[in-house]
Amino acid sequence: MVPGEDGPLVPKEIENAADEPRVLCIVQDTTSCKTINERITLNLPASTSVRQLFDDVASKVGYVSGTFSLKFGNGDMTELDAAQGQSLLDAGFEAGKKNFLHLTDKNGEQPQLTSDESGTADSSGLDDSTQEKFIGPLPRDGSVGCTSDYVSQNYSYSSLLSKSDTGYVGLVNQAMTCYLNSLLQTLFMTPEFRNALYKWAFEESEEDPVTSIPYQLQRLFVLLQTSKKRAIETTDVTRSFGWDSSEAWQQHDVQELCRVMFDALEQKWKQTEQADLINQLYQGKLKDYVRCLECGYESWRIDTFLDIPLVIRPYGSSTAFGSVEEALHAFIQPETLDGPNQYFCERCKKKCDARKGLRFLHFPYLLTLQLKRFDFDYTSMHRIKLNDRMTFPEELDMSPFIDVEDEKSPQTESCTDSGAENEGSCHSDQMSNDFCSDDTLDEGICLESSNSVDKPNKSPEKNSLYELFSVMVHSGSAAGGHYYACIKSFADDQWYSFNDQHVSRITPEDIKKTYGGSTGNRGYYSSAFASSTNAYMLMYRLKNPARNARFLEASDFPEHIKSLVQKEKEQEEEEKRQREIERNTCKLKLFCMHPVKQILMENKLEVHKDKTMKEAVEIAYKIMDLEGVVPLDCCRLVKYDEFHDYLERSYEDEEDRPMGLLLGGIKSSYMFDLLLETKRPDQVFQSYKPGEVMVKVYVVDLKTETIAAPVSVRAYLSQSIQEFKQLISKSIDLPPEHMRIVLERCYNDLRLLSVPNKTLKAEGFFRSNKVFVESSDSTDHQLSFPDSHLWKLLDRHANTIRLYVSLPEHVPGSHASRSTCLKSCGDFCERVKGSSKSVDAILEESTEKLKSLSLQQQEESGNGDSSKSTEGSDFENIDSPLNEADSSGSADNRELENRILPADPENNFPSEERSDSDINNDRSTSSVDSDILSSSHSSDTLCNADNAPIPLANGLDTHSITSSRRSKANEGKKETWDTAEEDSGTDSEYDESGKSRGEAQYMYFKAEMNSGEEGSREGQKCLLVNVDKRITLSAFKQQLEPFVGVSSSQFKVFRVYASNQEFESVRLNETLSSFSDDNKITIRLGRALKKGEYRVKVFQLLVNEAEPCKFLLDAVFAKGMSVRQSKEELIPQLREQCGLELSIDRFRLRKKTWKNPGTVFLDYHMYENEISISSNWEVFLEVLEDCEKMKSMSQLSLLTKRWRPSQLRLDPFQEIVLETNSVLELKEKICELSGIALENLEFAKGRGTFPCDISVLEIHQDLDWNPKVSTLNAWPLYISDDGAVIFYRDKTEELIELTDEQRNELMKKESSRLQKTGHRVTYSPRKEKALKIYLDGASNKDAAQD
């Protein structure tokens, strides 16, 4: 026998598998929503039988063979017979190709698991960025927890539910909590810590169990020891830390967590037997001393530590320590204080050479070593990880590192520890008296006559041998990675890998793989930025048989732990029962049309497969909360298709059948839903049979032009149109003789069903259908359908949308203009108040007044063409009801058909018909906008005088300004979307001949005041507009003129999106097709853009201000306009809107790219020709101190700033203008500006976004000073455009020396300054949240300290 590909042994006679074709089977488990995305892959010999295939699949997925079905996944879903003995090739499998199979339920029952004693682990634990790079120990027997669990497709689902064969339980990774899992498993595998934790008894009366950290740790340890699950959740533990779900996505340092957790436990254990547990197990002592080399006087203090940080690579060295022993020797190696670092000796009363160092006095029972693999590279300004090799022994002798003489010294006992202040650190830079309550802490000890100092007694202490039992490994880089732990069990001396929920056996050889170092030639990126796996934290235990403890057995548990074990066991059994119920529960969407509210309610129905239909109705009745609304016996469940709004079938006489059979078994998802149908007590439920189609019938009344609410009718696809008419006639009581049926197959696709013998299927009926029915003896049916009144009404019904239009708040303009406006419309408003008129009459009269007002303004301005001003306005095409007697009464029931023609600017505003040169010479948006605002009149009185409209069933009413009719010319027109990304200017609404493009269109428009619109400001008027969405934006604006009070060319339309962002709609010739019901529109006063015009945002460039970019105003630039002309138009606007008094030669315009200043625009440049312009363009306006220096495009404008290292200060920006791109000219210009000698000048290009801020602590060495180039457009400068930032300095000026206090203070100031400007002080790959454990269990309580 020899091993095959998948592990099992295969007969030797087919050992040469290459001679036999193989069948690749890919099986997808569709029995559960949790396994729907999981696949297993089997590569089997073609001679394998179908029966063997079922056995192999069952073994892989953990199901009992024979309790599931396998079906081909190629579309026909042919089911395989498990009893077949034929080979895979004979069964239809293809060799050498992928054969997809679906694993499904058998007879509606889910497959049976091979192990019922199971738990769940909902999280995969693959949180960190380096899971695929896991280089953990490989199991020797293919057990769970090996690398293949991450990458292999041969994944066993049962392994997620069953306990590892190692007997140990894993921990589920919440997201990025692998560091927490590694530490928790190490503490659990420490007998002394676990036993002490078990001895602590929780008092529920004193503390909330949810926030009690020791209790939640105790529960977790109990589950790790007794649970039958494969992995345990840690959410209860992290919740006791006061963490929320966001903390699960923050990876922290495992050593930092150890410190913080120990501190939290000490706080929680105060006044208990375990109060000093952490110190007893983990705390050691060391002496921090300074010894005078002249007199031998020594000052010292005692520090405590919880772990020893060992340097991997000494500072400034390229060689790392090779072992932990070397690093420990370096740790206690003293340094000599000489030169400027001399020590002031209390005995000598002067500064003397001294020796400063550390001596270990006492090692803890549990020794923790942290290998400092994370460092900061000041050359690259990056955090790096040191992947150098560092060995560590399985047994570590600490006797060479302890100072026996000092440990026995009586002075040692008289000093207090500083561990609490130092948070367990082994040494500190703060040499203060805070470490001791005694004022004489720095007492001198004369050691002149002591030979033991020069020749200390190094005889080994008795119990100084430690054994390694935990290696916490980090896999990844300084930017992120993954933690796991390799732990030796003291129960069997076997090493195990605890990798989140995966636990596997490993060997001591696997431990050696965590030493680090490169295993191959990785090239240039072999160290700092390479992802590697190596030991980060080591834990040793003192080898002392008298103290070494064993794990407590279940029989030796304290009584409170036994009670806790029993409680957790019962809870686990209850979870198991709930999972079993969950597996047998059918879950579907449930809908119900509320009988009173008439709204479709949606919920979720969960019903056990053994529940009957009658019981399911009771459950649905309670879910939909219909008690007291409708009796239970007036409800039933029917099969429903929400997407097509189709009732598939009803379940008559099946009330006692189980739901599992009625629904086709338990499935992860169903292709249908259920509807809880209701009826009145006097009604009878209709029977819905499979094969029927649902038809929603809308009855149309041509006389009243209304469309009634739909009536549902069920029919068969085989029925003819004539039979269908008879069916409708019975349902809605309409005569079938003159009945016309119109089918709406899709949006606006109306089809008249005129062939009596044609079947519904042939006409295109489907599961759910929509028809319109009209049955009258009018002559309309004699017309062709596209020309009939019925078609027009349906067409209007299909294309009308409802919009909310917010009108502008009219601000007063000049007194003269406002008086003219009031005088023009005052008499008319008085007449409106005294009479009741139709909306048609009111709008007609307001339009006439608007026309006369516009003509009056033209005559006063004197710049209009009299011949053009006498032409009839487009609004004269609307028949005025004022010409009829008593129009207020007759107009109430009449709808006017009006042609919507875009108003020609030649008629109302002839000044706008000018040549490009005229426009360029005289273009001022501020004056036009001022006239608009001053001449605006309110239409509130007009709208409020409208009679109440008569509503239609489709939401329209009889007071319409125009009727709907299809435009033949518009049928083939392509509709485009009006989006915020438009950048090509405005489209003209006129063609070359000056004719309106919408001249032949009749579109529906109806507007009424809507004062209750949500979101509208107080006092702001809002219109509710029903309009045909095929109307152009130009025509839509004309219809809004009477309500806005100004011409359509004098206001702008802004579309309001869901996020309340507003974007201007500028394409006048596009329709409203992109709008839908209840969309919002805001109208703002101001001149609308014409063809070739662009709205431009103008920002002021303030190079020496903290915020160099300041918004000024919106302006309008046009194609063909020169820069000087745009500056002339800006001057009055800047004066009026911004209070800036500027002359045309004392400011410039320049390109703006985000916040960076760019090309300077010269006065003779033309927009669109030399300068590209687009919609929502942005430019900088820069105020000049002197006249413009830039005269030619060949010149280059740069911004320079001097760095003064002796003062740690940067001077303000100064501009220099270069004639060429020569570096020499740049240097000469800077020397001329600064007075620095040419040979002493050094310069560097600024980095990042303008103003290229950089910390004064970094600029001296961080920038690329004095690049060796001769031209500015070469690497590394790449300066080819205006606006580049150049720093320069005098190389003879030395950098000032700072003390540590000064540097720290300056760093804080720089950090604050750069954060305000949005620049970072130093590189950081991601902002890490500080690791904290909140003793009160609530993170927000400590928010102020953050």
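Throughout, numbering of the chain's residues begins at 1 and tracks the sequence.
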Criterion side-chain contact (heavy atoms from CB on, under 4.5 Å) on Val711 and Val699, from CA distance to verdict:
CA-CA 9 Å; Val711 176; Val699 179; 5.8 Å; no
Among Leu783, Leu790, Leu702, the one residue meeting side-chain contact (heavy atoms from CB on, under 4.5 Å) with Ser778
Leu702
Determine, for Glu744 against Lys770, whether the closest basic-nitrogen to carboxylate-oxygen distance falls under 4.0 angstrom.
yes
Look at the side chain of Gln719 and the backbone N and O of Tyr716, then say whether any donor-acceptor pair between them is shorter than 3.5 Å.
yes
Qualifying residues under salt bridge (Lys or Arg N to Asp or Glu O under 4.0 Å), relative to Asp780, sequence neighbours excluded:
Arg740
Contacts of Gln1061 meeting side-chain hydrogen bond (donor to acceptor under 3.5 Å, both in side chains) (sequence neighbours excluded), chain-then-number -> Ser1059
Look at Asp682 together with Arg680 and state whether they make a salt bridge at an N to O cut-off of under 4.0 Å.
yes
For His781, enumerate each residue passing the ring pair (Phe, Tyr, Trp, His ring centres under 6.0 Å) test, keeping only those at least two apart in sequence or located in another chain.
His738
Could you tell me whether a side-chain N or O of Glu723 sits under 3.5 Å from a main-chain N or O of Ser720, the two making a donor and an acceptor?
yes
So the ring-ring contact (aromatic ring centres under 6.0 Å, His included) pairs with at least one residue in residues 684-704 (sequence neighbours excluded) are Tyr698-Phe772
Greater than 12 external heavy atoms within 6.0 Å of Lys758's NZ:
yes
Can you tell me how far CG of Asp1077 sits from NZ of Lys1029, rounded to the nearest 0.5 angstrom?
8.0 Å
So, does Asn799 use its side chain to make a donor-acceptor pair with the main chain of Asp795 at under 3.5 Å?
yes
For Ser687, check side-chain hydrogen bond (donor to acceptor under 3.5 Å, both in side chains) against everything at least two apart and list the hits.
none
Ring pair (Phe, Tyr, Trp, His ring centres under 6.0 Å) filter on Tyr670, not counting sequence neighbours, yields Phe672
State which residues pass salt bridge (Lys or Arg N to Asp or Glu O under 4.0 Å) with Asp641; sequence neighbours excluded, sorted by chain then number.
Arg767
Minimum heavy-atom distance Pro808-Val1044, with the two atoms named:
CG-CG1, 4.1 Å
Among all residues two or more places apart in sequence or in another chain, which pass the ring pair (Phe, Tyr, Trp, His ring centres under 6.0 Å) test with His644?
Phe766
Go through Phe1054 and Phe1063 one step at a time and tell me if the ring pair (Phe, Tyr, Trp, His ring centres under 6.0 Å) criterion holds.
CA-CA 5 Å; Phe1054 289 83; Phe1063 294 97; 9.2 Å; no
Which residues share a salt bridge (Lys or Arg N to Asp or Glu O under 4.0 Å) with Asp1078, sequence neighbours left out
Arg802
Decide whether a cation-pi geometry holds between Arg636 and Tyr651; the criteria are a distance under 6.0 Å from NZ or CZ to the six-membered ring centre and an angle within 45° of the ring axis.
no
Only one of Asn757, Leu743, Val755, Leu760 passes side-chain contact (heavy atoms from CB on, under 4.5 Å) with Ile721, and that residue is Leu760
Cation-pi check, Arg1084 onto Phe1051 ring (under 6.0 Å, within 45° of axis)
no
Give a yes or no answer on whether the side chain of Glu1070 reaches the backbone of Arg1067 with a donor-acceptor pair at less than 3.5 Å.
no
Quick one: does Ser806's side chain have a donor or acceptor within less than 3.5 Å of a partner on Cys1022's backbone?
no
Please list, chain by chain and in numerical order, all residues satisfying side chain to side chain contact (heavy atoms under 4.5 Å, CB included) with Gln598, sequence neighbours excluded.
Met593
Who are the ring pair (Phe, Tyr, Trp, His ring centres under 6.0 Å) partners of Tyr646, not counting sequence neighbours?
none
Once the angle between the rings of Tyr640 and Phe591 is folded into 0 to 90°, is it parallel (under 30°), tilted (30 to 60°) or perpendicular (over 60°)?
perpendicular
Any side-chain donor paired with an acceptor under 3.5 Å for Ser650 and Glu652?
yes
Run the salt bridge (charged side-chain N to carboxylate O under 4.0 Å, His left out) check on Lys792 and Asp787 step by step: do they pass?
CA-CA 8 Å; Lys792 296 175 184 177; Asp787 296 327; over 6 Å; no
Which is it for Leu1072 and Leu803 under the side-chain contact (heavy atoms from CB on, under 4.5 Å) test, yes or no, and what are the steps along the way?
CA-CA 10 Å; Leu1072 304 184; Leu803 301 175; 4.3 Å; yes
Note, Leu1023 side chain near Leu1040 side chain (heavy atom, < 4.5 Å):
yes
Polar side-chain atom of Lys1037 near backbone of Ser1048 as donor-acceptor pair, under 3.5 Å
yes
Residues in side-chain hydrogen bond (donor to acceptor under 3.5 Å, both in side chains) with Gln686, at least two apart?
none
Please check: side-chain N/O of Ser1047 versus main-chain N/O of Gln1050, any donor-acceptor pairing under 3.5 Å?
no
Is a side-chain donor or acceptor of Ser729 paired with a backbone partner of Leu734 at a separation under 3.5 angstrom?
yes
salt_bridge(Lys639, Asp673) N-O dist < 4.0 Å
no
Below 4.5 Å, heavy atoms only, C-beta onward: do Arg1055 and Asn1079 meet side chain to side chain?
yes
